Chemist: 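Quick one: this structure, given as structure tokens, is what I'll be asking you about.
Fair warning: this is a prediction, and the values are worked out from it, not measured in the lab. Note: hydrogens, waters and symmetry copies are ignored here, and every other heavy atom, side chains too, is used. Whatever order the structure lists them in is the order used to number ligands and atoms, beginning at 1. We're numbering straight along the sequence, starting at 1.
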Amino acid sequence: MEVSSIGIDRSVSAVFPPEQLRDALTDAVEVAVIDAGNDPLEPYDAVVTMAYHESYLEGVHWIHSIQAGVDRFPVDELRKHGVTLTNSSGIHGPAVGETVIGYMLSFARRLLPAVKSQTHREWSPPAWDDAYTLANERCCIVGLGTLGRGIVERTSALGLNVVGVRRSGEPLDEVRTVYPPDDLHTAIRDSKFVVLAVPLVDETHHLMSTKEFAAMRDDAILINVARGPVVDQEALGDALEAEALGGAALDVFEAEPLPEESPLWEFEEVLITPHCAGFTEDYYRNVAGLVRENLVNIDTGEEFVNRIV
Ligand code: NDP
């Protein structure tokens, strides 16, 4: 494969200005900002994008997704057309890890109700036994890849008692017990925090639903930084309504943006962020690093990093 020109699709502007990435790559390759959703696709060898557009099948050899999740790409179709797909796995650990710590502290140190009270100019201290510290709380991290490890590192540093779930069930440093997916209920049962960091695939669709919420502690906090459909959102609403869960911090939703009429907006103990857990001013630099690495690999005939197809 030869890649001498790259189009950066405007869809990346959901995360950073496309011009920033263009300027960061301009010394390595011919690069331009494109709008594949609206304009006919010019003949670029490769595209860097957040959205998938069918026009990519007409001549593009390589698509790089600026996200780690590739659930929006038709993987089989790309394979059939001989188009290479790479993702941005590996860059989100620190940002998502810190966001998850932020969520945990918001619940434990009662910052969530304080911020809500502040918007009404209300001086409203928590009950004496409402606040707690994170040390020694049990936390179950479902998915121990880039995101999961970023979360493990930071939760361990704060003294949480960390267990995890991963497809292979293989042990990992700083994780006291790693469970295989079949033991999910055992893993989540006694955990104060259950953090979701798995890709959205058939096996993880509605991984967390009525039975899982019933298995969790009724003061447990569910944290979802994976993808919306990993959680059965209606069942989550029911569990919160029934006070069968303590609360939730949600970055991703079955429909995004979260519709105004969603009941999730209303719960006192729900913290909502607009799919930005991985945001950082360094995001475009990190993506540029991956694209550059693969440009070198193409030149030297080595395998792509983060290749999905
Ligand atoms: P990785 O591929 O690095 O890690 C995925 C982890 O999930 C692995 O530990 C894998 O197990 C585990 N896993 C896969 N299937 C299952 C299953 N059925 N049950 C339990 N564990 C499973 O991915 P990343 O950490 O980079 O990203 C994970 C997902 O997070 C992405 O696909 C994306 O959807 C989402 N994401 C969200 C962001 C946000 O802003 N909210 C930012 C970045 C990513 P094993 O280790 O055994 O293979």
Chemist: Which ligand 1 atoms does D251 reach within 4.0 Å, using its non-hydrogen atoms?
Modeler: 39 (C), 40 (O), 41 (N)
Chemist: Between A68, G164, G90, S89, flag the one that comes closest to atom 23 (O) of ligand 1 by a heavy atom.
Modeler: S89
Chemist: Which is closest to atom 47 (O) of ligand 1 in terms of heavy atoms, S168, P199, S88?
Modeler: S168
Chemist: Identify the protein heavy atom lying closest to atom 19 (N) of ligand 1, giving its residue, its atom name and the separation to 0.1 Å.
Modeler: P181 CG, 3.5 Å
Chemist: Looking at Y44 and I8, would you say the former's side chain and the latter's main chain have a donor-acceptor pair under 3.5 Å?
Modeler: no
Chemist: Would you mind running through ligand 1 and noting each atom that sits below 4.0 Å from a heavy atom of A197?
Modeler: 28 (C)
Chemist: Please determine if L147 has a nitrogen or oxygen closer than 3.5 Å to a nitrogen or oxygen of ligand 1.
Modeler: yes
Chemist: Mark yes or no: K192 above the aromatic ring of Y132, with NZ or CZ under 6.0 Å from the six-membered ring centre and no more than 45 degrees from the axis.
Modeler: yes
Chemist: Among L250, L196, L207, whose side-chain contact (heavy atoms from CB on, under 4.5 Å) with V231 holds?
Modeler: L196
Chemist: Say whether V201, considering both its backbone and side-chain N or O atoms, lies within less than 3.5 Å of an N or O atom on ligand 1.
Modeler: no
Chemist: Treating Ile, Leu, Val, Met, Phe, Trp and Tyr as nodes and any side-chain heavy-atom pair under 4.5 angstrom as an edge, say whether V198 and F193 lie in one connected cluster.
Modeler: no
Chemist: Among all protein heavy atoms, pick the one closest to atom 4 (O) of ligand 1 and tell me residue, atom and distance.
Modeler: G145 CA, 3.2 Å
Chemist: For ligand 1, indicate whether the residue C276 contacts it via side chain, backbone, both or neither (heavy-atom separation under 4.0 Å).
Modeler: neither
Chemist: Can you check whether S5's main-chain N or O pairs, donor with acceptor, with D45's side chain at less than 3.5 Å?
Modeler: yes
Chemist: Among all protein heavy atoms, pick the one closest to atom 38 (C) of ligand 1 and tell me residue, atom and distance.
Modeler: V225 O, 3.7 Å
Chemist: Say whether H64 and T86, considering side chains only, have a donor N or O and an acceptor N or O under 3.5 Å apart.
Modeler: yes
Chemist: Considering non-hydrogen atoms of the protein only, which is the closest contact for atom 11 (O) of ligand 1, and what is the distance?
Modeler: R167 N, 3.2 Å
Chemist: Please write down residue, atom name and distance for the protein heavy atom closest to atom 12 (C) of ligand 1.
Modeler: G143 CA, 3.9 Å
Chemist: Between H275 and ligand 1, find which residue part has any heavy-atom pair under 4.0 Å and reply side chain, backbone, both or neither.
Modeler: side chain
Chemist: On a heavy-atom basis, I'd like to know which of H205, E203, H92, R227 is closest to atom 43 (C) of ligand 1.
Modeler: H92
Chemist: Are H206 and E254 close enough that a side-chain donor and a side-chain acceptor fall under 3.5 Å?
Modeler: yes
Chemist: Using distance alone, decide if ligand 1 has a nitrogen or oxygen within less than 3.5 Å of any nitrogen or oxygen in T146.
Modeler: yes
Chemist: If we ignore hydrogens and angles and just use 3.5 Å, is the side chain of R217 paired with the main-chain N or O of D190 as donor and acceptor?
Modeler: yes
Chemist: Among R79, K80, H81, which residue meets the side-chain contact (heavy atoms from CB on, under 4.5 Å) test with V83?
Modeler: H81
Chemist: May I ask which of G278, A226, G69 has a heavy atom nearer to atom 35 (C) of ligand 1 than the others do?
Modeler: A226
Chemist: Would you find a donor on one side and an acceptor on the other, under 3.5 Å apart, between the side chain of N297 and the backbone of E303?
Modeler: yes
Chemist: Nearest to atom 45 (P) of ligand 1, what protein heavy atom do you find, and at what distance?
Modeler: R166 NE, 3.7 Å
Chemist: Tell me yes or no: between the side chains of D9 and S11, is some donor less than 3.5 Å from an acceptor?
Modeler: yes
Chemist: Heavy atoms only: which of V198, L144, V165, D182 lies closest to atom 13 (N) of ligand 1?
Modeler: V198
Chemist: Considering both backbone and side-chain atoms of D71, is one of its nitrogen or oxygen atoms within less than 3.5 Å of a nitrogen or oxygen in ligand 1?
Modeler: no
Chemist: Can you list the atoms of ligand 1 that are under 4.0 Å from a heavy atom of T204?
Modeler: 17 (C), 18 (N)
Chemist: Between W123 and S117, do the side chains contain a donor N or O and an acceptor N or O under 3.5 Å apart?
Modeler: no
